[in-house]
> 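Just dropping this structure here.
Reminder, nothing fancy here: chain letters follow the sequence lines and each chain counts from 1.
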Amino acid sequence: MTGGAAAAGILPAFLAAMDRIAWFSSCAAPLSAAETETASSYVAALGLGSLPVAGVADWRAAQALAQRPDWSRAWWDAESGAEKDLHRRGAQRFGEDDFLAALSRVTEAAASIHDAAEAALARAGLRDEGLAKAAAGAASQACHQAALALLAGAGQSHAFALKFRLFSGGRWPLGIVQERCFVF
Amino acid sequence: MSAAHAPVKSVAELKASEPEYQTAVRKIVRSHAVNELYGAQVYDEPAIALAPNPYLKWLTCRIAMEEYGHHVRFRQLGEQIGIPEEEMTPKGRRPLSIFEFPLRTWEEFCVVKLLADLAEIIQVEDLADCTFLPLRNLAKVTMPEEIFHSQFGKDTCTELIKTADGRSKVQAAIDRYYPMMPAFFGKKDSENNALYRRCGIKQRTNEAMRQDFIGRVKALVEGHLKLKLPAVAEAA
């Protein structure tokens with residue numbers, strides 16, 4: 001089997017899962033114990049230790065939180081480092097061109113998430129093109145990261161698999177601010 | 001001039017049209033496919049790391065995806081009309097000269113969105129009356145996103161110039177990128193542009209679009225942002 005066929009063979013179930021997700025459908029609802037546990041595990045899997053997890057009340061609060069100047073660069077750097085590691089492993093496994101072609105399929109499939117973000121905002125009585133695009137961008141990035149983990153064979157306990165699980169439940173993980181992980 | 005050519009409604013009709021018309025359509029579709037991808041790779045993807053907070057990083061992710069999506073749409077049309085795939089990537093075709101000046105700062109990205117996406121809007125506006133209807137439809141579909149990207153450049157530059165440091169950095173970025181923008185519209189007496197107008201694919205000369213761009217940029221940079229445009233040679 002070629003690298004392209006092998007990479008493509010892994011993707012259909014993931015693409016189908018993406019298609020079934022009710023993106024942003026749980027935003028603003030109180031976090032369940034399971035969601036809080038998943039968020040804690042996500043932070044720990046990034047190597048950032050044990051941090052408290054907090055919910056976010058509404059879309060405007062989420063937008064403001066994501067623009068705070070005191071956000072954690074260590075969190076973003078940990079994700080970027082994990083992306084590079086998974087990219088190297090995935091490219092070794094399938095070959096760079098076939099690996100990138102598989103990731104491109106995920107990017108193309110993620111294009112429709114924007115409509116879900118607009119719909120979720122509309123349900124909240126909001127119309128904000130920039131916020132819808134930012135939310136869609138965050139979810140698309142999570143799809144890309146989860147696909148990296150999947151293609152690299154990283155397993156379900158990888159930070160990106162856990163982050164994708166939060167998005168799959170209709171959430172938007174907003175990252176770490178002031179030593180606290182926020183999930184909308 | 002465009003009235004001289006009847007509308008071509010489909011890829012099947014294109015295949016039955018005169019060779020010159022087919023050549024013109026292939027050239028312009030190939031150009032858009034290459035440059036949309038190159039723009040995403042050289043500007044939008046690197047800008048994610050430069051963005052100052054998660055919100056702008058995610059918004060930039062989405063913008064990069066939309067630019068990539070434009071490439072995909074032009075590439076799909078290109079495949080339907082028989083353009084080899086390798087000719088629709090930067091590896092296979094030489095891109096525009098602006099792409100040889102990669103990003104160094106977030107302010108530069110905001111200025112690229114302000115200037116280059118306005119230039120793209122002017123190019124896409126000209127396709128809105130294109131005689132090849134699949135291309136006309138594609139222009140209409142991509143236009144709202146291009147308008148958002150340009151507005152994003154205006155909004156972020158407007159925010160940045162509220163501080164003296166930001167104002168200085170935005171001016172430096174304009175000084176760096178604006179001089180290469182007039183050439184974006186091609187040569188004054190371009191044979192390709194003459195071909196496009198003969199076929200009704202484009203409506204205006206390169207020079208007319210260039211002058212339109214310069215006027216609109218002056219209003220944005222000097223009128224709205226109260227910054228200065230560097231003197232440049234307007235003719236390519």
> Has Y55(B) got a side-chain atom pairing as donor or acceptor with A62(A)'s backbone, closer than 3.5 angstrom?
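Here the side-chain-to-backbone pair does not exist.
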
> Counting only non-hydrogen atoms closer than 4.5 Å, does L65(A) touch chain B with its backbone (N, CA, C, O), its side chain (CB onward), both, or neither?
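Neither part.
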
> If you compare all heavy atoms of W71(A) against all heavy atoms of N53(B), which two are closest, and at what distance to 0.1 Å?
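Looking at all heavy atoms of both residues, the shortest contact is NE1-CA, 3.6 Å.
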
> Count the heavy atoms belonging to other residues, nucleotides or ligands that lie under 6.0 Å from CZ of R89(A), then report whether that count exceeds 12.
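Counting neighbours around CZ of R89(A), more than 12 heavy atoms of other residues, nucleotides or ligands fall under 6.0 Å, so yes.
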
> Search all heavy atoms of Q141(A) against all heavy atoms of C61(B) and return the closest pair with its distance.
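Answer, listing the atom of Q141(A) first, then C61(B): CB-SG, 4.3 Å.
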
> Start with the C-alpha gap between E66(B) and K133(A), add the side-chain angles, then the distance that decides, and say whether side-chain contact (heavy atoms from CB on, under 4.5 Å) holds.
CA-CA 10 Å; E66(B) 289 175 350; K133(A) 284 181 191 285; 2.5 Å; yes

> Would you mind checking which part of A139(A) comes under 4.5 Å of any heavy atom in chain B, side chain (CB onward), backbone (N, CA, C, O), both or neither?
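Interface part for A139(A): neither.
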
> Which heavy-atom pair separates A66(A) from W58(B) by the least distance, and what is that distance?
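Scanning both residues, the minimum pair turns out to be CB-CZ3, 4.0 Å.
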
> Verify the neighbour count for atom CD of Q67(A): are there more than 12 heavy atoms of other residues, nucleotides or ligands below 6.0 Å?
yes

> How many angstroms lie between NE2 in H114(A) and CD in E145(B), if you round to the nearest 0.5 Å?
7.5 Å

> Answer yes or no: does atom CZ of R73(A) have more than 12 heavy-atom neighbours from other residues, nucleotides or ligands under 6.0 Å?
yes

> Between atom CD of E129(A) and atom CG of L59(B), what is the distance when rounded to the nearest 0.5 Å?
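If I round to the nearest 0.5 Å, the distance is 9.5 Å.
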
> At a heavy-atom distance under 4.5 Å, which candidate from A136(A), G130(A), G175(A), S140(A) has the highest pair count against chain B?
G130(A)

> Sort F152(B) into side chain, backbone, both or neither according to what part of it lies under 4.5 angstrom from a heavy atom of chain A.
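Neither part.
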
> Contact part of I113(A) toward chain B, heavy-atom cut-off under 4.5 Å: side chain, backbone, both or neither?
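Neither part.
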
